[in-house]
Amino acid sequence: MRPVHVYNTLTRRKELLRPVNPPVVGVYTCGPTVYDYAHVGNLRAYVFADTLRRVLETAGYQVRHVMNITDVGHLMSDADEGEDKMLAGARRERKTPLEIADHYTRAFFEHAQALNIRRPTVVCRATEHIPAMIQMVRTLLERGYAYEIGDGVYFDVSRFAEYGRLSGLDLEAQEAGARVGVNPEKRHPADFALWRKADPQHLMQWDSPWGRGYPGWHIECSAMSMQYLGDRIDIHTGGADHIPVHHENEIAQSDAVAGHRVVQVWMHNEFLLVDGGRMGKSLGNAYTLDDLRQRGFHPLAFRYFCLNAHYRTKLNFTWEALEAAARALDRLWEAVYQLASCHRPGGRPPAELEEAFGEAVRDDLGLPRALALVWQVVRDEPVPAPVALDLLSRWDEVLGLGLDEAAAGRLGPVADPIPAEVLSMVEERRVARAARDWERADAIRQRLGDMGYTVEDGPEGPRVRRLRAIDAGQ
RNA sequence: GGCGACAUAGCCAAGUGGCAAGGCAGCGGUCUGCAAAACCGCUAUCCCCGGUUCGAAUCCGGGUGUCGCCUCCA
């Protein structure tokens with residue numbers, strides 16, 4: 001196992017990863033709330049978690065990756081207010097919550113797969129772990145960390161001294177400036193729901209010692225992460241927005257039950273901005289993978305786009321930037337394909353190159369630096385083709401950019417089927433060129449260009465290809 | 001108002017004390033009927049003002065600007 005350093009939000013420092021049970025590394029990733037399609041901001045978070053897993057695996061670790069599917073309890077506001085998102089989704093589409101959850105869960109994994117995101121070792125649904133959550137709430141009550149009031153059971157943040165450490169919040173200061181809590185029975189505005197009592201019409205409810213109801217959103221992650229990874233978890237990942245509320249609450253619940261720190265390292269990816277500003281469903285710029293596909297982008301172009309920036313910096317999504325990523329990836333695929341068709345004798349890859357790649361990715365996931373090395377191998381470095389191909393193939397275990405597929409001609413410019421109409425135009429143009437009818441040949445090329453295709457006249461005749469990577473599945 | 005970030009070329013961005021990665025776009029060249037692709041080459045007073053240092057994009061102070069979270073949302 002090679003040493004891996006990661007940035008820990010809790011200590012605000014880069015740390016050497018020391019798993020509790022090497023070579024196993026337990027990683028818990030906050031998964032989607034399946035009430036709608038994931039947008040590109042969500043997807044960045046999962047690409048990040050996936051690259052973390054891949055880096056750990058190539059470093060020699062055995063990763064036990066657990067991801068939750070939230071299908072109940074996540075209210076419209078993180079402050080325990082509003083409607084349950086699942087119910088809102090169900091009402092919107094006039095379906096049952098279960099149908100909604102199934103549909104969007106399937107869509108989520110389809111999109112994840114298209115992005116070459118490896119499926120977690122364990123995928124767990126909140127609604128299938130209600131008893132574990134109830135047990136946890138019961139323990140918290142028994143130990144005096146929680147109290148019951150009219151509409152549910154709440155965690156008492158005043159009982160947990162470390163509350164606020166992850167986000168650097170000062171509870172006292174918070175209280176002074178806090179807006180008035182909606183629920184006057186709560187002892188402290190930051191107290192959060194562990195269990196909520198439901199009225200009889202509520203669609204999702206379960207029996208509990210506190211009457212019929214449903215779990216608070218945060219408890220599912222504490223219950224499931226500890227069920228599958230034990231009470232000492234190596235890494236927990238999520239988006240930066242979860243630091244102040246969700247993860248703070250998770251720490252409070254889990255640590256209170258375990259009696260010690262449960263999660264060793266907290267890793268958070270920064271937000272994706274759109275056109276330099278916030279992305280939001282209400283702003284109409286919360287694009288989904290299908291939106292990208294409809295604009296002609298291959299899903300892996302988005303993965304490349306994410307890899308090109310460090311996960312802890314804000315990434316500005318613009319169509320122009322995605323276009324740049326798509327072109328770069330397409331050229332990479334083409335270059336790999338060309339390398340694969342060379343049969344010059346090989347050799348050993350320069351050790352420095354290989355070492356540089358490993359060091360980059362094991363240093364808090366330095367994927368942008370790793371990508372720069374990829375281009376060095378492809379372009380500048382005088383590495384023999386078979387060596388370069390071998391190197392890129394192994395590096396792609398981390399990158400996940402489909403380079404083996406590209407080498408085999410199943411991705412990239414050569415892979416996409418060319419419409420018969422286009423092929424016949426190319427043939428028509430070939431004849432025109434043979435007759436030295438340049439005017440006609442150029443006119444045809446112009447029309448092909450308008451259709452999204454380009455023709456290259458090489459020694460072996462014309463070659464036609466589409467202008468950029470598109471999703472062949474569309 | 002509270003908290004937290006960031007400011008590097010036209011665009012997306014690496015780089016946390018020692019001559020400024022990479023990609024996209026652009027320009028020049030080789031090649032081409034002309035192109036394209038490919039290859040070669042070119043393109044940055046690192047927001048401003050002070051300070052620390054032999055040396056700062058990198059550290060410290062001040063300023064300006066932008067953004068995020070606190071409400072949808074990873």
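The shown structure was predicted, so the numbers you read here are calculated from the model rather than taken from an experiment. So you know, we letter chains A, B, ... as the sequences are listed, proteins then strands, and number each from 1.
Ring to ring, A:Tyr228 and A:His65 are not that close: their centroids are 6.0 angstrom or more apart. Less than 6.0 angstrom separates the ring centroid of A:Trp217 from the ring centroid of A:His242.
We find the CG-CZ distance between A:Leu272 and A:Phe317 to be 7.0 Å, quoted to the nearest 0.5 Å. Taking OH of A:Tyr35 as the reference point, atom CG of A:Leu87 lies at 13.0 Å (rounded to 0.5 Å). Within the model, atoms SG of A:Cys30 and CD of A:Glu220 stand 8.0 Å from one another, a figure rounded to the nearest 0.5 Å.
Taking atom C1' in both B:rG51 and B:rC27, the straight-line distance is 41 Å, to the nearest Å. Using P as the reference atom, B:rA36 and B:rG15 are 35 Å apart when rounded to the nearest Å. Separating the C1' atom of B:rC12 from that of B:rC69 is a span of 24 Å, rounded to the nearest Å. Taking atom P in both B:rC42 and B:rA20, the straight-line distance is 15 Å, to the nearest Å. Atom C1' of B:rC11 sits at a distance of 27 Å from the matching atom of B:rG4, rounded to the whole Å. Remark: the separation of the C1' atoms in B:rG29 and B:rA35 is 16 Å, to the nearest Å. Look at the C1' atom in both B:rC31 and B:rA56: the space between them is 45 Å, to the nearest Å. Between B:rG18 and B:rC46, the two C1' atoms lie 16 Å apart (nearest whole Å).
Figure legend. B:rC6 is base-paired to B:rG65; pairs are counted as Watson-Crick or G-U wobble with both atom distances under 3.5 Å. In a base pair of the Watson-Crick type (N1 to N3 plus N6-O4 or O6-N4) or a G-U wobble (N1-O2 and O6-N3), with each distance short of 3.5 Å, B:rA57 is matched with no nucleotide. B:rC27 is paired with B:rG41 under the Watson-Crick or G-U wobble criterion, all donor-acceptor distances under 3.5 Å. Across all strands shown, nothing is found opposite B:rC46 as a Watson-Crick or G-U wobble partner with both distances under 3.5 Å. The partner of B:rA14 cannot be assigned: no Watson-Crick or G-U wobble pair with both contacts below 3.5 Å exists in any strand. Both distances falling under 3.5 Å, in either a Watson-Crick or a G-U wobble arrangement, place B:rG1 opposite B:rC70. If you check B:rA21 for Watson-Crick or wobble pairing at under 3.5 angstrom, you find it has no partner at all.
Going from atom CG of A:Leu339 over to atom P of B:rA38 covers 13 Å, rounded to whole Å. We find that CG of A:Leu273 is positioned 9 Å from P of B:rC69, with the value rounded to whole Å. Distance, A:Glu270 CD to B:rA14 C1': 17 Å, rounded to whole Å. Remark: C1' of B:rC39 and CZ of A:Arg379 are 10 Å apart, rounded to the nearest angstrom. Rounded to whole Å, the distance from CZ on A:Arg12 to P on B:rC3 is 13 Å. Atom NE2 in A:His268 sits about 13 Å away from atom C1' in B:rG4, given to the nearest Å. The CD-C1' distance, from A:Glu334 to B:rC39, rounds to 14 Å in whole Å. In this structure, the CD1 atom of A:Ile243 is 12 Å from the P atom of B:rC69, given to the nearest Å.
Among the protein residues, A:Gly238 comes within range of the sugar-phosphate backbone only, with heavy atoms under 4.0 Å from sugar or phosphate atoms but none that close to a base. No engagement by A:Val374 is indicated, since no non-hydrogen atom pair under 4.0 Å with the nucleic acid exists. Looking at heavy-atom distances under 4.0 Å, A:Gly276 makes contact with sugar-phosphate atoms alone, never a base. Within the 4.0 angstrom heavy-atom criterion, only backbone atoms of the sugar-phosphate kind lie near A:Gly277; the bases stay farther away. Counting non-hydrogen atoms under 4.0 angstrom, A:Arg433 reaches a base of the nucleic acid.
For B:rC34, the OP1/OP2 oxygens have no side-chain nitrogen or oxygen of A:Arg445 closer than 4.0 Å. Here A:Arg331 reaches the OP1 or OP2 of B:rA38: one of its side-chain N or O atoms lies under 4.0 Å away.
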Checklist line | A:Phe192/A:Tyr154 under ring-ring contact (aromatic ring centres under 6.0 Å, His included): CA gap, chis, key distance, verdict | finding: CA-CA 5 Å; A:Phe192 54 93; A:Tyr154 285 78; 8.4 Å; no
Next item on the list: For ring-ring contact (aromatic ring centres under 6.0 Å, His included), just list the numbers for A:Phe48 and A:His310, CA-CA rounded to whole Å, side-chain angles, deciding distance to a tenth of an Å, and then say yes or no.
Entry: CA-CA 9 Å; A:Phe48 150 64; A:His310 192 266; 8.9 Å; no
Item checked: Under 4.0 Å protein heavy-atom contact, by nucleotide of nucleotides 8-13 of chain B - B base, S sugar-phosphate only -> ---SBS
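Residue-environment remark: CD (A:Gln113) stays at or below the threshold of 12 foreign heavy atoms within 6.0 Å. Around atom OH of A:Tyr287, more than 12 heavy atoms belonging to other residues, nucleotides or ligands sit under 6.0 Å away.
A residue-by-residue look at A:Glu456 and A:Ala240 shows that A:Glu456 has its nearest nucleotide of RNA chain B further toward the 5' end. Nearest-nucleotide mapping onto RNA chain B: of A:Arg312 and A:Leu272, the residue sitting toward the 5' end is A:Arg312.
Side-chain to base pairing of A:Asp442 with B:rG33: one donor and one acceptor N or O lie within less than 3.5 Å of each other. Side-chain atoms of A:Asp457 and base atoms of B:rC31 include no donor and acceptor less than 3.5 Å apart. Evaluation of atom-type donor-acceptor distances gives no pair under 3.5 Å for the side chain of A:Arg369 against the base of B:rG15.
Distance from the side chain of A:Arg465 is smallest to B:rA37 among B:rA37, B:rC69, B:rG68. Closest to the A:Arg429 side chain, of the nucleotides B:rC24, B:rG33, B:rG22, is B:rG33. Comparing B:rA25, B:rA36, B:rG33 against the side chain of A:Arg327 picks out B:rA25 as the nearest.
Residue ring and nucleobase are not stacked for A:Trp375 and B:rG22 under a centre distance beneath 5.5 angstrom and an angle between planes beneath 30°. For B:rA74, the base is stacked against the aromatic ring of A:Phe271, per a cut-off of 5.5 Å between centres and 30° between planes.
A:Tyr28 and A:His236 have tilted rings, their planes meeting at an angle from 30° to 60° on a 0 to 90° scale.
Note that A:Arg119 lies in the cation-pi zone of A:Phe109, set by a 6.0 Å cut-off to the ring centre and a 45° limit from the axis.
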